[in-house]
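Take a look at the structure set out below.
Everything numeric in this text was worked out from a predicted model, so none of it was measured. In what follows, chains carry the letters A, B, and so on, assigned in the order in which the sequence lines appear, proteins first and then strands, with residues in each chain numbered from 1.
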2 protein chains.
Amino acid sequence: MARKPSQTRAKATVNAIVEAGFIAMAERGPAATTTRQIADIAGVGVGSLYEYFDNKDAIFSVMSERFVADTVALIRPLIPTLVRMPISDAVRELLERFREFLQEGDGRYLNCVQYAITLDFEMYLDPLQTALSELVTQYLMHHPETLQIRSIPTMSYIMIHGGIFAVVRHLTEPNPPISFDELVEGLARMVGHYIEQEIALAKATRSELNAQTRGD
Amino acid sequence: MARKPSQTRAKATVNAIVEAGFIAMAERGPAATTTRQIADIAGVGVGSLYEYFDNKDAIFSVMSERFVADTVALIRPLIPTLVRMPISDAVRELLERFREFLQEGDGRYLNCVQYAITLDFEMYLDPLQTALSELVTQYLMHHPETLQIRSIPTMSYIMIHGGIFAVVRHLTEPNPPISFDELVEGLARMVGHYIEQEIALAKATRSELNAQTRGD
DNA sequence: TGCTTGTTCGGATTCAATTCGGAAAAATTA
DNA sequence: TAATTTTTCCGAATTGAATCCGAACAAGCA
């Protein structure tokens with residue numbers, strides 16, 4: 001961003017530009033939107049775009065940042081509730097809320113997720129990963145029995161990334177072979193089973209060790 | 001593609017262009033590569049690009065197609081072997097081969113996967129999904145006990161998409177928090193546990209039903 | 001009100017993608 | 001082999017979108 005807006009009028013302009021960006025992006029996708037279109041929708045001159053944004057991509061970047069920040073703002077407050085639920089219910093709840101979030105405000109975000117992958121969005125994914133990692137960490141702390149499972153970082157990595165992308169991919173596909181509810185249910189079960197199985201395994205290993213100790 | 005090359009010379013230029021595309025893409029990413037660069041690397045005039053490709057994106061599309069086709073060509077022959085292995089070993093084997101595939105030829109593909117998501121690559125992902133679906137189907141048929149598990153399409157969807165993207169994401173990240181081997185191991189365990197748990201569940205349900213039947 | 005600073009604008013500029021018409025090379029024919 | 005047709009190649013010219021810039025306009029302040 002080339003310059004910070006100081007007056008309220010200027011802040012309104014910046015906001016109008018970002019809003020226009022969302023509208024244009026939802027209509028045609030990022031590749032097909034021109035600076036002129038954004039400017040027209042925002043009701044400002046083309047030149048104004050460059051007062052506050054270094055270039056066209058900078059507008060998209062701010063949009064991505066805003067989207068990710070809003071998503072994180074959705075997740076963070078849910079953490080205390082989620083950590084007290086059974087794991088599969090927590091997954092279900094989280095994804096259900098996410099779906100609602102995408103659909104609110106006439107589904108603008110929904111139209112953008114579709115193109116989000118196209119952008120340098122990845123750069124701005126970090127806060128989301130951090131928030132989800134925090135959720136996982138807190139969950140583990142609230143359920144001490146889960147702390148026995150092996151390689152928690154790996155498990156967490158797979159669940160977060162596999163989960164994010166399975167969901168994003170599903171939202172992106174024009175004709176997904178399964179419904180969103182089925183996806184959510186499947187993810188909930190997958191996570192649930194993994195945890196159960198690992199706990200059972202840890203228990204078995206422990207009792208085996210005990211047996212050996214007694215045997216010697 | 002505007003015109004088909006008929007002479008061998010022309011086929012060579014088409015090939016040179018696509019190769020140049022891979023080189024340029026690996027160096028600077030797709031957004032920063034210009035038609036002139038591609039032409040220079042390929043050793044042809046800019047105009048020649050447009051003899052065989054409608055536009056710049058068409059070059060990237062062909063690259064994506066080629067990459068996906070090669071990946072499918074990697075997977076297909078592995079299917080007969082994979083379906084005879086325990087599920088987690090099959091996952092390990094598949095991913096190990098995929099890693100080798102990406103690294104061969106001085107890692108050109110490896111540099112491209114990074115940008116693959118950026119392109120309309122998704123359009124060309126279908127064959128890969130189909131191949132993996134086939135793998136899953138054949139696997140299920142070779143292991144009749146797995147046919148009891150619930151909502152196979154959902155499970156298959158999650159494993160394929162979550163898996164693809166977790167792997168792609170890992171390859172893309174500059175400093176992944178876990179190693180590729182850990183990722184592979186985690187995915188293998190996750191899939192393995194899910195299957196085991198579902199089979200156990202099905203068995204439990206069945207014997208419960210039997211008990212009820214006997215009880216009445 | 002006069003002065004300074006912030007804001008807006010749209011024509012001018014720049015740069016990359018794409019087009020086009022003809023030259024060179026290869027294939028075909030006589 | 002020479003003439004003719006087809007295919008291929010090219011790079012200067014065109015086009016259109018992104019970006020820059022300096023004049024004109026508004027806000028804050030004395």
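Among the protein residues, A:S48 comes within range of the nucleic acid bases, having at least one heavy atom under 4.0 Å from a base atom. Within the 4.0 angstrom heavy-atom criterion, no nucleotide atom of any strand lies near A:T8.
The nearest whole Å value for the distance from the CD atom in A:Q7 to the P atom in C:dT5 is 13 Å. The nearest whole Å value for the distance from the CD1 atom in A:I38 to the P atom in D:dT19 is 10 Å. Nucleotide D:dC10 holds its P atom 10 Å from the OH atom of B:Y52, rounded to whole Å. Going from atom NZ of A:K11 over to atom C1' of C:dT8 covers 18 Å, rounded to whole Å. When rounded to the nearest whole Å, the span between CZ of B:R36 and P of D:dG11 equals 9 Å. Whole-Å rounding puts the B:E51 CD to C:dT18 P distance at 14 Å. In this structure, B:L49 places its CG atom 10 Å from P of D:dC10, rounding to the nearest Å. The CG-P distance, from A:N55 to D:dA17, rounds to 17 Å in whole Å.
Using a 4.5 Å heavy-atom threshold, the side chains of A:Y157 and B:E173 count as touching.
Between A:G47 and B:A10, it is B:A10 whose nearest contact on DNA chain D lies nearer the 5' terminus.
Taking side-chain N and O atoms only, A:Y50 has no distance below 4.0 Å to OP1 or OP2 of D:dC20. Put simply, A:T13 has a side-chain N or O that comes within less than 4.0 Å of OP1 or OP2 on C:dT8. For the OP1/OP2 pair of D:dT7 and a distance below 4.0 Å, the side-chain nitrogens and oxygens of B:R9 include no atom meeting the criterion. An OP1 or OP2 oxygen of C:dA16 is reached within less than 4.0 angstrom by no side-chain nitrogen or oxygen of B:T35.
B:R28 CZ: 12 or fewer foreign heavy atoms inside a 6.0 Å radius.
The shortest heavy-atom contact between A:R76 and A:A131 is NH2-CA, 3.7 Å. When all heavy atoms of A:K11 and A:S6 are compared, the closest pair comes out as NZ-O, 3.8 Å.
Closest to the side chain of B:R3, from the set D:dT7, C:dT18, C:dG11, is D:dT7. Proximity note for B:P5 (side chain, C-beta onward) versus C:dA16, C:dT8, D:dT8: the nearest is D:dT8. Among D:dT8, D:dA18, D:dA12, the nucleotide with an atom closest to any side-chain atom of A:T34 is D:dA18.
Salt bridge annotation for B:R97-B:E93: present, with a cationic side-chain nitrogen under 4.0 angstrom from a carboxylate oxygen.
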